[in-house]
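Quick notes on the structure that follows.
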Amino acid sequence: MRASTGYVGRFAPSPTGALHAGSLVAALASWLDARAHGGRWLVRIEDVDAPRCVPGAGEHILAQLAACGLVADAVPVWQSSRSALYEAALLRLTDSGWAYPCGCTRTDIEQALRAQGHMRPRHHELVYPGTCRNGLQGKPARATRLLATASPSQPHGALLIGWHDRRLGSLQQDVTNAVGDFVLRRADGLWAYQLAVVVDDAAQGVTHVVRGEDLADNTPRQIHLQHCLGHATPTYLHTPLVLGANGEKLSKQNGAQALALDQPLKTLADTGVALGLQVEGANVVHWLATAVEAWRGRWPA
Ligand code: GLU
């Protein structure tokens with residue numbers, strides 16, 4: 001294990017396919033930031049959403065990272081083996097009045113929103129109107145939700161979360177009105193990303209989160225959950241997205257190519273450009289060492 005300054009960073013890919021040019025940006029940025037701070041860098045395979053995971057993708061991602069010289073400072077953890085941690089956190093949230101069972105189907109939610117005169121789909125998600133806050137009213141429990149309010153005893157005020165991102169600056173979200181009470185455990189029994197990521201970042205002592213900008217919108221929910229569980233809030237840096245030919249974020253869905261492992265130096269150089277780094281190196285180790293120097297001062301913590 002390397003000497004550490006207390007900084008702990010991580011890369012947390014979902015194994016829904018191989019790494020592509022966009023996902024390597026977050027991996028490289030999180031590695032560079034950890035090294036530039038003399039810290040540790042962890043890898044966590046986020047395989048809680050089993051139906052979306054591709055067999056073998058987690059191992060392939062680790063091989064792609066290794067080909068680029070990015071090797072974690074501890075054995076990578078797999079979320080699928082950490083259910084007991086998520087269960088314990090959910091119990092604490094339920095016992096403290098923050099979490100409650102919800103019996104609503106999507107149709108129930110749509111009907112309730114229509115009755116209130118506002119359907120507000122947001123990224124295809126509906127803002128939960130709080131129907132089951134006061135009990136299931138005879139419906140069977142499906143999901144478990146977290147109150148998006150300032151306190152469990154005052155469920156009527158809005159929850160305003162302000163936070164600072166090292167690249168995006170000061171941001172704010174009214175979680176109550178933008179998202180509503182959000183899901184911690186899904187109706188199909190699977191753990192929600194929000195719960196798993198907050199529990200794991202805390203359990204692994206993560207002090208600095210560096211990830212793609214597409215995830216920035218989740219941060220206020222995660223900060224709220226950290227507050228509810230009594231965890232410290234890490235420092236956040238959301239990295240620029242790589243856009244595909246259609247101008248949208250490069251993703252497996254819009255045809256991003258899996259990264260080939262045969263030209264890691266070229267792959268690293270291209271990824272560095274996406275982060276604003278013009279770095280040359282004789283080999284992978286040299287390129288990475290030069291990039292760590294170039295990274296210092298970029299979006300300071
Ligand atoms: N597993 C998430 C993803 O691949 C990233 C989680 C995170 O970095 O917080 O999109």
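In each ligand, atom 1 is the first atom listed, and ligand 1 is the first ligand listed.
Within the structure, the closest approach of F11 to ligand 1 does not fall below 4.0 Å when heavy atoms are considered. Not a single heavy atom of Q222 sits closer than 4.0 Å to an atom of ligand 1.
Every atom of ligand 1 with a heavy atom of R211 under 4.0 Å away is listed here by number and element: 7 (C), 8 (O), 9 (O). Which parts of ligand 1 touch V197 is read off a 4.0 Å heavy-atom cut-off, strictly below it: atoms 9 (O). Taking a cut-off of under 4.0 Å to the non-hydrogen atoms of Y193, the atoms of ligand 1 that pass are 6 (C), 7 (C), 9 (O).
In terms of protein heavy atoms, atom 8 (O) of ligand 1 is closest to R10 NH1, 2.7 Å. Protein heavy atom closest to atom 10 (O) of ligand 1, with residue, atom name and distance, is L215 CD1, 3.9 Å. At the top of the distance list for atom 6 (C) of ligand 1, counting protein heavy atoms only, stands E46 OE1, 3.2 Å. Nearest non-hydrogen protein atom to atom 5 (C) of ligand 1 is A12 O, 3.2 Å. Closest to atom 3 (C) of ligand 1, if we only count protein heavy atoms, is S14 OG, 3.4 Å.
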Review point. What do the steps show when you test H227 against W98 for ring-ring contact (aromatic ring centres under 6.0 Å, His included), and what is the final call?
Key: CA-CA 11 Å; H227 292 166; W98 277 113; 9.4 Å; no
Salt bridge (Lys or Arg N to Asp or Glu O under 4.0 Å) for R52 and E46? Distances and angles first, verdict last.
CA-CA 11 Å; R52 288 187 59 231; E46 300 211 320; over 6 Å; no
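Side chains of T16 and S14: a donor-acceptor N/O pair is absent below 3.5 angstrom, by distance only. Donor-acceptor pairing under 3.5 Å is recorded for the side chains of D108 and T105. Side-chain N/O atoms of Y100 and N134 include no donor and acceptor closer than 3.5 Å. A donor and an acceptor atom, one from each side chain of R10 and Q204, are nowhere located under 3.5 Å apart.
Taking the six-membered ring where the residue is Trp, F11 and W41 present parallel rings, their angle staying beneath 30° rather than reaching 60°.
Remark: ligand 1 and P13 share no N or O pair separated by less than 3.5 Å (distance only, no angle test).
Between D33 and the options R40, R298, R166, a salt bridge (Lys or Arg N to Asp or Glu O under 4.0 Å) holds for only R166.
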